[in-house]
2 protein chains.
Amino acid sequence: MPNNLIEKCDCDVIHQDVVNQVKDKMPQEDLLYDLAELFKVFGDSTRIKILWALDEAEMCVCDIAFLLNMTQSAISHQLRVLKQTKLVKNRKDGKVVYYSLIDDHIKHIFNQGLVHINEK
Amino acid sequence: MPNNLIEKCDCDVIHQDVVNQVKDKMPQEDLLYDLAELFKVFGDSTRIKILWALDEAEMCVCDIAFLLNMTQSAISHQLRVLKQTKLVKNRKDGKVVYYSLIDDHIKHIFNQGLVHINEK
DNA sequence: GTATCATATGAATAGATAATCAAGTGTTCA
DNA sequence: TGAACACTTGATTATCTATTCATATGATAC
């Protein structure tokens, strides 16, 4: 154990061999952080609904707000988040802005999540 | 539009046909809520790390705390969340509590997430 | 121009949450 | 029995976040 590290766990029963083995197999810190950030985006039912809806059809902000019975402002804020995460794109037609999905893996990730839920 | 509903969007350009079509295809509100709750659990890098680690090997609280350089208490709190979500289980051996994964879909969900990240 | 409409945005607020700290279980072992 | 240990738990706190409200932008139509 390097002595320049302040280890926060001072347990005696640590299984060093197992821990080292696992440590070697763990992905980069950054990658796991990015992964958590992605799931954080999915971790809100409003955004889940928006993504699910956009997987069915391209829609304008107004349509989504009406569909989910929420204010246009709330939807707009969430669409901003989804756009920053590169999950949705938009096109402008006059005053109206149409949103659609970028990534076609999304539904697959959702379905895998549902598998877990149905098994509980 | 049923007049007993307070619609929060009063736009004029709503594409009624599209909205209705999407509405029919949307899963139950509860299901999408549960799905968001699941992803919320994945939306924290500490929990992601714990789950990834436990996918490699069964470990005690102490091992995980040491591996992630966090306090045992913080890990214990997160393990509680993961247990409530039925993502991990534990067994007791004397003073030591060993945790392991329940669901083998988890890694698959993570890998799908990574596909999205790598495509950005 | 200006009125209207669809959307965006910034500030504010209420609610959620992750880590910390301190105290509590329950087990082992001397 | 009681000290030591692995872990849990409850309260607290700092931080984050989703919605709301008010206002801004940018396009259309008159």
Side-chain angles (χ1 to χ4, degrees), chain A residues 6-15 19 32-33 36-51 58-85 88-100, chain B residues 6-15 19 32-33 36-51 58-85 88-100:
Chain A
I6 298 154
E7 296 296 344
K8 295 191 179 177
C9 176
D10 55 356
C11 253
D12 289 341
V13 299
I14 292 169
H15 306 78
V19 172
L32 294 181
Y33 184 82
E37 287 303 300
L38 176 65
F39 287 130
K40 208 170 278 179
V41 174
F42 294 153
D44 176 86
S45 58
T46 299
R47 287 191 293 261
I48 287 261
K49 286 177 198 167
I50 293 175
L51 291 170
E58 178 192 70
M59 285 191 286
C60 68
V61 180
C62 195
D63 290 338
I64 303 171
F66 182 77
L67 174 68
L68 305 185
N69 194 32
M70 292 178 66
T71 65
Q72 178 207 76
S73 178
I75 298 299
S76 187
H77 276 295
Q78 295 302 350
L79 284 170
R80 189 166 188 261
V81 174
L82 294 173
K83 205 181 167 190
Q84 282 172 337
T85 331
V88 305
K89 60 178 187 284
N90 58 7
R91 68 180 178 87
K92 222 169 176 178
D93 182 15
K95 286 179 285 185
V96 184
V97 181
Y98 292 93
Y99 281 84
S100 57
Chain B
I6 299 153
E7 297 294 343
K8 296 191 176 174
C9 178
D10 55 355
C11 254
D12 289 340
V13 297
I14 291 169
H15 306 77
V19 172
L32 294 181
Y33 184 81
E37 287 303 300
L38 177 64
F39 287 130
K40 207 171 279 179
V41 175
F42 295 153
D44 175 87
S45 58
T46 299
R47 287 192 293 262
I48 287 262
K49 286 177 197 166
I50 293 175
L51 290 170
E58 178 193 70
M59 285 192 285
C60 67
V61 180
C62 195
D63 290 337
I64 303 170
F66 181 78
L67 173 69
L68 305 185
N69 194 31
M70 291 178 68
T71 64
Q72 182 205 73
S73 178
I75 299 299
S76 186
H77 276 296
Q78 294 302 350
L79 283 170
R80 189 166 189 261
V81 174
L82 295 174
K83 205 182 166 188
Q84 283 171 337
T85 330
V88 305
K89 61 177 186 287
N90 58 5
R91 68 179 177 88
K92 221 171 176 176
D93 182 13
K95 287 177 288 187
V96 184
V97 181
Y98 292 93
Y99 281 84
S100 58

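Per chain, numbering begins at 1; letters A, B, ... match sequence-line order.
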Considering only distance and modelled atom types, tabulate donor-acceptor pairs under 3.5 Å from the side chains of residues 38-49 of chain B, sequence neighbours left out.
| from | atom 1 | to | atom 2 | distance (Å) |
| --- | --- | --- | --- | --- |
| B/K40 | NZ | B/E37 | OE2 | 3.1 |
| B/D44 | OD2 | B/T46 | N | 3.1 |
| B/D44 | OD2 | B/R47 | N | 3.1 |
| B/R47 | NE | B/V41 | O | 2.7 |
| B/R47 | NH1 | B/Q78 | OE1 | 2.8 |
| B/R47 | NH2 | B/K40 | O | 3.2 |
| B/K49 | NZ | A/E29 | OE2 | 2.7 |

Only distances under 3.5 Å count here; give the side-chain donor-acceptor pairs of residues 91-98 of chain A to other protein atoms, sequence neighbours excluded, each with its distance to 0.1 Å.
| from | atom 1 | to | atom 2 | distance (Å) |
| --- | --- | --- | --- | --- |
| A/R91 | NE | A/E58 | OE2 | 2.8 |
| A/R91 | NH2 | A/E58 | OE1 | 2.9 |
| A/Y98 | OH | B/H15 | NE2 | 3.0 |

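Here B/Y99 lies in heavy-atom contact (under 4.0 Å) with sugar-phosphate atoms only. Nucleic acid contact for B/K83: none, since no nucleic acid atom lies under 4.0 Å from a heavy atom of the residue.
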Between the protein and nucleotides 19-26 of chain D, list every N/O to N/O distance that falls short of 3.5 Å.
| from | atom 1 | to | atom 2 | distance (Å) |
| --- | --- | --- | --- | --- |
| D/dT19 | OP1 | A/T46 | OG1 | 2.7 |
| D/dT19 | OP2 | A/Q78 | NE2 | 2.7 |
| D/dT20 | OP2 | A/T71 | OG1 | 3.4 |
| D/dT20 | O4 | A/H77 | NE2 | 3.1 |
| D/dC21 | N4 | A/S73 | OG | 2.8 |

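For B/C60, there are no disulfide bond (SG atoms under 2.5 Å apart) partners at least two apart in sequence or on another chain. Looking at residues two or more places apart in sequence or on another chain, you find a side chain to side chain contact (heavy atoms under 4.5 Å, CB included) between B/S73 and B/T71, B/H77.
Residue A/D12 places its side chain closer to D/dC5 than to any other of D/dC5, C/dA6, D/dC7. The side chain of B/S76 lies closest to D/dT8 when the candidates are D/dT8, D/dC7, C/dA6.
For D/dT8, neither phosphate oxygen OP1 nor OP2 lies less than 4.0 angstrom from any side-chain nitrogen or oxygen of B/R80. A sub-4.0 Å separation between OP1 or OP2 of D/dA18 and a side-chain N or O of A/R47 is present.
Comparing A/G94 and B/D63 by the nucleotide of DNA chain D that holds the closest heavy atom to each, the one mapping nearer the 5' end is B/D63. Residues A/D93 and A/C11 each lie close to DNA chain D; by heavy-atom proximity, the contact nearer the 5' end of the strand is made by A/C11.
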